[in-house]
Structures are given as structure tokens and as C-alpha cells.
Amino acid sequence: MPELPEVEVTRRGVEPLLIGQRILAAHLGKPLRWPLGTEPKTLEQSRVLSVQRRGKYLVVGLDVGVLLIHLGMSGSLLAHTGPGGELRAHEHFGLDLTNGHLRLHDPRRFGAVVWAPSAVEGMAAKLLGGVGPEPFSPDLTPQTLHAGFKRSAVAIKPLLLAGKLVCGVGNIYASEALFLAGIRPQRRAARVSLAQATALLAAVRLVLSQAIEAGGSSLKDFRHSDGSSGHFQTQTRVYGREHEACGVCAAPIRMIRQGQRSTYFCARCQK
DNA sequence: AGGTTGACCTGTCAGC
DNA sequence: TGCTGACAGGTCAACC
């Protein structure tokens, strides 16, 4: 589920609750993707200094180390005022804070909460080290993207999903960005021109910005930190719209599978 | 080394 | 109504 926009919406939602708060207790539910990496007790009394995002990870800076939080496919991070209690159904991590509490609700448990001494040590270094450039970074240019494309033998859509050349683009926004850029998802990345790479980078930035603005996509599980839903799913141009008419040319939207993921596109608009 | 596939886990929904 | 299978926003480890 959660791609960059959903994680960023979550970050903005939880930041005000977390900053400056002291952790009174940490709770673990069923195992998530990786173990926490420390005893929950060691988090007690530490203070939250920052809440940042790197790719699809939330990076919570503590005065003792960092917590990496990943929402996996079905995760939501819910912030509540008032004292915490026992974890409820599908809540597998929780922090009780001086003023409120935080819960990770994640039915499928593909998500993770990992502690490390710092963002550049231990498991955090390993996980964040695999994350490609941020889509909004000025260091990411059409030229660097195009150069990365040329080195690959893979189709453009799965290459975008891999997150090594640009991070944060998941299955919904990859289809959407390729549609806006007029590029077929099956096109070999090496055959994407510089002009197309330029259009694609602009499209990625536009789609992600619009999705953040819309509060992300709530297909099923995703919820904002206050429990409300995003609504970008109502504004998708192709994702989830097989057989519907393309908004540009009215040809039917098609769905194919690439690497076990569904891809949506317009065969007339995308070359 | 890079590309491809399976695995992780649970809920939901379509079809019989 | 109940069972079975397919599918869902991610991504890592194991294979060729």
C-alpha cells in the first residue's frame, strides 16, 4: 500500500504528536517483518527529536538512536491523545507518550519497526542504504535518471518499482506516472529517450505531489494518523480502471501483469 | 552481476 | 452458507 505519498501524509500527521514527547512505554504485538532490534524497555524515557521520511521509511530520531518504521502493504500509523492501553486487534507496535500514544495497525504484518543506534549504523544503515535518490531531490536530474535507464535490461515499470534510481514510487504511482509521461510500461528502460526520461521525472513529481495533496490513496487499509482516509484513488487516471475509457483518448484502459504486479496503461496514449 | 521468482501474512471478494 | 482460489499498496533472499 503505502507509497511515498501515504508515508509523507503519515509523517505530517504524527510529527506534531511525537516531537518533544518522552516515551513512557513501548509495546510489541505479533512479529513484524524484522525484530525491533532492542528490548522495548530500552526505549523508555527517551525523547523524540525528529520525524523524517526516507523513501517509504519513517525515520524517528530519538535522543537514544532511531526508529525506522515501514508500513509494508497494509500498515497505518494511528496517533491518539490520552493514555495508551493494551494493543488492539492488528496493532503490532505501540508507543505510549507523555501526551498521547501511537499505534501501528498492520493486518498483513509486512511492515516493520526497527531500532538502531543511528540512521547510519546497524539495521538502519542496511535498510536505508538500499533506498535510491529522493524524487524531489535537486540532485536527481533527467540526465542521471536516463543514464540509469540505459544501464538496465528491464522494462521501465518494474525498474521504477525497484526504487534504486528513484525511491518512493510504488505500484499505483508507477502506472500513473508512466501514463502522464506517455511511456508504455513494457518499454525497455534502455530504450527510453532523454526527452522521455525528462517527462517521466516531471510526471513522477507531479503525481506524487498531487497524491500528497489528496492525502494519499486509501484502497483498503491505509488511514491517516487520525483515522481518516486519503482520496487519491478517486483521481487515478489508469490505476484500477481496466476497461474504463482513457480520459485523454477514450480507448479502453488495459491491465497486464509485470513481475506479478498489475500494471494499467492506455495503449493509444503510451508509446 | 543482473534479472527473475518465491516467500512473507491476513483479509476480502468472486465464483461455485 | 461455506469452501477455494485469486488478489492486494512492498521488498528481501534465493535462484538462474
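Below, read A as the first sequence line, B as the second, and so on, with proteins coming before strands; counting in each chain starts at 1.
- Between the side chain of A/Ser175 and the backbone N or O of A/Tyr264, at least one donor-acceptor pair lies under 3.5 Å.
- A/Arg11 contributes atom CZ, which lies 7.5 Å from atom CZ of A/Arg53 (distance to the nearest 0.5 angstrom).
- Ring pair A/Tyr57/A/His70 is perpendicular by interplanar angle, where above 60° counts as perpendicular and below 30° as parallel.
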Report, one pair per line, the protein and nucleotides 10-12 of chain B atoms (nitrogen or oxygen only) whose separation is under 3.5 Å.
from   : atom 1 : to       : atom 2 : distance (Å)
B/dT10 : OP1    : A/Arg109 : NH2    : 2.4
B/dG11 : OP1    : A/His90  : NE2    : 2.7

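- Atom CG in A/Leu71 sits roughly 11 Å away from atom P in C/dG10 (whole-Å rounding).
- A/Leu4 places its CG atom 11 Å from the P atom of C/dG10, with the value rounded to the nearest Å.
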Between the protein and nucleotides 3-7 of chain C, list every N/O to N/O distance that falls short of 3.5 Å.
none

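- If you take NZ of A/Lys150 and C1' of B/dG2, they are 19 Å apart, rounded to a whole angstrom.
- Side-chain heavy atoms closer than 4.5 Å link hydrophobic residues (I, L, V, M, F, W, Y) into clusters, and following such links, possibly through other members, connects A/Leu208 to A/Leu178.
- Following rounding to the nearest Å, A/Lys164 (NZ) and B/dG3 (P) show an atom-to-atom distance of 12 Å.
- Looking at A/Ser118 and A/Glu121, their side chains do bring a donor and an acceptor atom within 3.5 Å of each other.
- B/dT12 and C/dT11 have their P atoms separated by 23 Å, with the value rounded to a whole Å.
- The line from OG1 of A/Thr81 to CG of A/Leu17 is 8.5 Å long, rounded to the nearest 0.5 Å.
- Although no hydrogens or angles enter the test, the distance criterion places no donor-acceptor pair under 3.5 Å between the side chain of A/Glu6 and the main chain of A/Phe222.
- Residue A/Lys126 has no polar side-chain atom (N or O) positioned under 4.0 Å from OP1 or OP2 of C/dT11.
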Nucleotide pairing, DNA chain C (Watson-Crick or G-U, distances under 3.5 Å), in dot-bracket with [ ] and |: .|||||||.|||||||
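- Atom-to-atom distance recorded for A/Ile19:CD1 and A/Leu97:CG is 11.5 Å, nearest 0.5 angstrom.
- Side-chain nitrogen and oxygen atoms of A/Gln260 include none within less than 4.0 Å of the OP1 or OP2 phosphate oxygen of B/dT5.
- Between A/His70 and C/dG10, a side-chain N or O to OP1/OP2 separation shorter than 4.0 Å is absent.
- Between the CD atom of A/Glu6 and the C1' atom of C/dG10 there is a distance of 12 Å, given to the nearest Å.
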Salt bridge (charged side-chain N to carboxylate O under 4.0 Å, His left out) for A/Arg103 and A/Asp96? Distances and angles first, verdict last. CA-CA 9 Å; A/Arg103 295 291 183 264; A/Asp96 297 343; 2.9 Å; yes
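- A/Ile253 is listed as a side-chain neighbour of A/Cys266, based on a closest heavy-atom distance under 4.5 Å.
- Side-chain contact check for A/Val248 versus A/Arg237: every heavy-atom pair is 4.5 Å or farther apart.
- Between the side-chain ring of A/Phe110 and the base of C/dT11, no stacking contact exists by the 5.5 Å and 30° definition.
- With distances taken from any side-chain atom of A/Val154 to the nucleotides C/dC12, C/dG10, B/dG3, the minimum falls on B/dG3.
- Judged by closest nucleotide on DNA chain B, A/Ala155 is the one of A/Arg33 and A/Ala155 placed further toward the 5' end.
- A/Arg261 has a side-chain polar atom (N or O) that falls below the 4.0 Å cut-off from OP1 or OP2 of C/dG10.
- Atom CH2 in A/Trp34 sits roughly 11 Å away from atom C1' in B/dC8 (whole-Å rounding).
- The closest side-chain heavy-atom distance from A/Thr141 to A/Thr144 is below 4.5 Å.
- Among the protein residues, A/Tyr239 comes within range of the sugar-phosphate backbone only, with heavy atoms under 4.0 Å from sugar or phosphate atoms but none that close to a base.
- Rounded to an integer number of Å, the gap from A/Ile69 CD1 to C/dT11 P is 15 Å.
- Nucleotide B/dG2 holds its C1' atom 13 Å from the CZ atom of A/Arg151, rounded to whole Å.
- As judged by a 4.0 angstrom heavy-atom cut-off over every strand, A/Ser175 is placed among residues making no nucleic acid contact.
- Comparing A/Leu127 and A/Met255 by the nucleotide of DNA chain C that holds the closest heavy atom to each, the one mapping nearer the 5' end is A/Met255.
- Screening A/Val66, A/Thr42, A/Leu43, A/Val60 against A/Trp115 for a side-chain contact (heavy atoms from CB on, under 4.5 Å) leaves a single residue, A/Leu43.
- The gap from the P atom of C/dC7 to that of B/dT5 amounts to 16 Å, rounded to the nearest Å.
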